[in-house]
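Predicted model only: the values in this text are computed from it and were never measured. Atom set for the values below is all heavy atoms of this structure, side chains included, hydrogens, waters and symmetry mates excluded. Below, read A as the first sequence line, B as the second, and so on, with proteins coming before strands; counting in each chain starts at 1.
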Number of protein chains: 2
Amino acid sequence: MSANQPKYGQIIDKLVREIRDGTYQTGDMLPTEHRLMEAFGVSRHTVRQALQGLKQMGLIQAQQGKGSVIIAKANPSAYVDMIQSIEALIAKGGDLDRRLILSRSVEADDELSQAFGTKKGREFTEIHLVRHSKQGPSVPVAYLKIWVDPEFSSLARELENDGRTVAEIMKLRFGMETGSIRQSITATSLNQEVAEKLDRPAGDPALQIERLYSKTTLALPHLRTISICRGDLVQIDSHFQSQ
Amino acid sequence: MSANQPKYGQIIDKLVREIRDGTYQTGDMLPTEHRLMEAFGVSRHTVRQALQGLKQMGLIQAQQGKGSVIIAKANPSAYVDMIQSIEALIAKGGDLDRRLILSRSVEADDELSQAFGTKKGREFTEIHLVRHSKQGPSVPVAYLKIWVDPEFSSLARELENDGRTVAEIMKLRFGMETGSIRQSITATSLNQEVAEKLDRPAGDPALQIERLYSKTTLALPHLRTISICRGDLVQIDSHFQSQ
DNA sequence: CTGCATTTGTGCGTATGTATT
DNA sequence: CAATACATACGCACAAATGCA
């Protein structure tokens, strides 16, 4: 976490910690840029660089003439809990089983190169799985696509034997620790190939959840997953509270 | 698109257009910061502000000592919800316009009575709106259904004149403060009625976001909203960090 | 309403560090 | 080693929005 050399990175880390600690509460005003300059002994430019980082993370919102409001406390519990609770939701009370569909080498297209922040044409390993409910009748719940650097291509075999999550295996087997996950949820409809595996008609509504795993907030991702979840089985619940 | 006053905004617009036009292809290098300074007649700082915008849009990737690579032609995420706190939820929605479709009295069916925790048959006010993008051409983005107690039925009029969010108006006009929001996200497809208002074919994928607003976690909700968002325009982003 | 202080936004200049070629 | 290109960091000035006297 604190491997950030630059000053603005250190300021980001400090402020994020303080927002989490409760030194600042959601709804509170952050100190003014001038105060932060004095507090950290840096120029306004450096302070603004840090604040822009917080803006990108969705923690603050700046308003000209007023100041910066804290609009979010990045979850106080470790992200793992949050992710696991999402996985639990996907499972709807039961554990999920994985079945390998394919594992192959692909060249990055526009979408993939954008996700990883690399040039088009770079090689990646693509793995497809289907997740089934374990309990009761085995119902297919989600189609999972995974992309990693070719050096981790043995991940496919690990996934079949190991019940752990992809991120956990990446850490245990390859030492790739995840410190930051970006998640996007979109709506889509099942294409023919996925629909078959999920035992639903093509065109059915589905939730698509993309996750980009990286070591730190600023680093490029080392793992990308897309879960295509049956719209009739999966819903994502959250609860927001003031304070 | 070109409603950007500041210089860096104009540079972003120009470069985005050129990337889309094909003047630059994915995999190409962008001109160096120095070249862009000369080309646009601005300082390096302004060029870098523009480039950071492109980075945030996921169009380019800068590499120290080499240059900036084009990694995508378009940013698919036009409307992104970044949801991590109540404040963020309530503050969002400033960049969208509302148009009233209908306001009527309804009796609670099974679904509605369950959501509010009341008996079937109780009377509620149901309000339908369509949200359009304010900037550029007015594109319909989401169909919004709102349910409140009949004593707040004047909410419909307020919503037309006031740019604020539903929760803010509930607080300002009726003193109903929101301290807890429960949210469920599901995938659905557009029915005929909603599809028409959103200018899309029926059956198109959509994100359905249901929110129940209450004063405290334990209290019964005083407001229920369902947003049916065009799947091609809306995505929900979150960011998780360890420690 | 006017004026003023505060606060963020935009923009310029300069210098130095670091990775790549 | 040298040249190139992006990254970090300092400084200054003025504009625009806000809130208050």
Side-chain angles (χ1 to χ4, degrees), chain A residues 2-15 24 27-71 117-119 122 214 216-220, chain B residues 2-15 24 27-71 87 91 94-95 134-135 163-164 168 172:
Chain A
S2 309
N4 277 325
Q5 282 288 7
K7 290 187 184 178
Y8 75 84
Q10 292 170 27
I11 297 176
I12 288 178
D13 283 355
K14 181 96 188 291
L15 291 177
Y24 305 117
D28 285 358
M29 301 300 289
L30 210 62
T32 68
E33 293 176 357
H34 194 74
R35 290 268 172 237
L36 291 171
M37 283 170 62
E38 292 170 343
F40 290 101
V42 297
S43 69
R44 182 157 174 240
H45 178 73
T46 305
V47 167
R48 284 181 62 79
Q49 252 180 309
L51 293 187
Q52 193 164 23
L54 296 181
K55 267 187 254 178
Q56 271 184 59
M57 295 166 66
L59 297 187
I60 66 167
Q61 188 174 312
Q63 284 168 289
Q64 195 173 163
K66 288 174 71 177
S68 295
V69 198
I70 292 154
I71 59 173
T118 63
K119 278 187 207 171
R122 191 179 137 186
S214 44
T216 69
T217 308
L218 300 174
L220 292 175
Chain B
S2 313
N4 275 323
Q5 279 286 9
K7 289 188 184 178
Y8 73 83
Q10 294 170 26
I11 296 176
I12 289 177
D13 283 355
K14 180 97 187 290
L15 292 177
Y24 304 118
D28 286 357
M29 302 298 288
L30 210 61
T32 68
E33 293 177 356
H34 193 74
R35 290 268 171 238
L36 291 172
M37 283 171 63
E38 292 170 341
F40 289 102
V42 297
S43 71
R44 176 143 181 255
H45 179 71
T46 305
V47 167
R48 285 181 61 79
Q49 256 181 305
L51 293 186
Q52 191 167 26
L54 295 181
K55 265 187 255 179
Q56 273 182 52
M57 294 166 67
L59 299 186
I60 66 167
Q61 172 69 39
Q63 282 166 292
Q64 196 175 159
K66 292 170 73 176
S68 294
V69 199
I70 317 262
I71 58 175
E87 284 75 12
D95 37 355
K134 257 185 187 168
Q135 300 167 343
R164 277 181 275 256
E168 277 180 315
L172 287 170

Quiz item: Going from OG on B:Ser68 to CE on B:Met29, what distance comes out if it is rounded to the nearest 0.5 angstrom?
Solution: 6.5 Å
Quiz item: Can you find a heavy atom in the side chain of A:Ile11 that is under 4.5 Å from one in the side chain of A:Val42?
Solution: yes
Exercise. Please state how far atom CD in A:Glu38 lies from atom P in C:dT6, giving the value in whole angstrom units.
Key: 13 Å
Exercise. For B:Tyr8 and B:Ala50, work out which heavy atoms get closest and say how close.
Key: O-CB, 3.7 Å
Quiz item: Can you check whether B:Gln56 reaches A:Lys55 side chain to side chain, under 4.5 Å on heavy atoms?
Solution: no
Quiz prompt | Contact letters for nucleotides 13-21 of chain D, in which S counts primed atoms plus P, OP1 and OP2 and B counts the base, heavy atoms under 4.0 Å | solution = B--BBBS--
Quiz item: Quick one: does B:His34's side chain get under 4.5 Å of B:Glu38's, heavy atoms only?
Solution: yes
Quiz prompt | Sub-4.0 Å heavy-atom contacts from residues 45-53 of chain B onto DNA chain C, ordered by number | solution = B:His45, B:Thr46
Quiz item: For B:Tyr8 and C:dG11, is the shortest distance between a side-chain N/O and OP1 or OP2 below 4.0 Å?
Solution: no
Self-check item: Min side-chain heavy-atom separation B:Ile60-B:Leu15 under 4.5 Å
Solution: no
Practice problem: Measure the distance from CD on A:Gln61 to P on C:dT8 and round it to the nearest whole Å. | Solution: 13 Å
Exercise. Whole angstrom is fine here: how far is it from CD1 in B:Ile12 over to P in C:dT10?
Key: 10 Å
Quiz item: What's the CG-C1' distance between B:Leu36 and D:dA5, to the nearest Å?
Solution: 12 Å
Quiz item: Reckon A:Ser43 touches a base, only the sugar-phosphate, or nothing at all at heavy-atom distances under 4.0 Å?
Solution: base
Quiz item: How close or far is atom C1' of C:dA19 from atom CD of B:Glu33, stated in whole angstroms?
Solution: 14 Å
Quiz item: Between D:dA7, D:dC10, C:dC12, which nucleotide has the shortest distance from any of its atoms to the side chain of A:Lys7?
Solution: D:dC10
Quiz item: Under the side-chain contact (heavy atoms from CB on, under 4.5 Å) criterion, do B:Ile70 and B:Leu30 qualify, and how do the steps go?
Solution: CA-CA 7 Å; B:Ile70 317 262; B:Leu30 210 61; 3.5 Å; yes
Exercise. Scan residues 42-51 of chain A for pairs that pass side chain to side chain donor-acceptor pair (under 3.5 Å), counting only residues two or more places apart or in two chains.
Key: A:Glu33-A:Arg44, A:Glu33-A:Arg48, A:Ser43-A:Thr46
Quiz item: Within this structure, what is the NE2-to-P distance between B:His34 and D:dA3, rounded to whole angstrom?
Solution: 15 Å
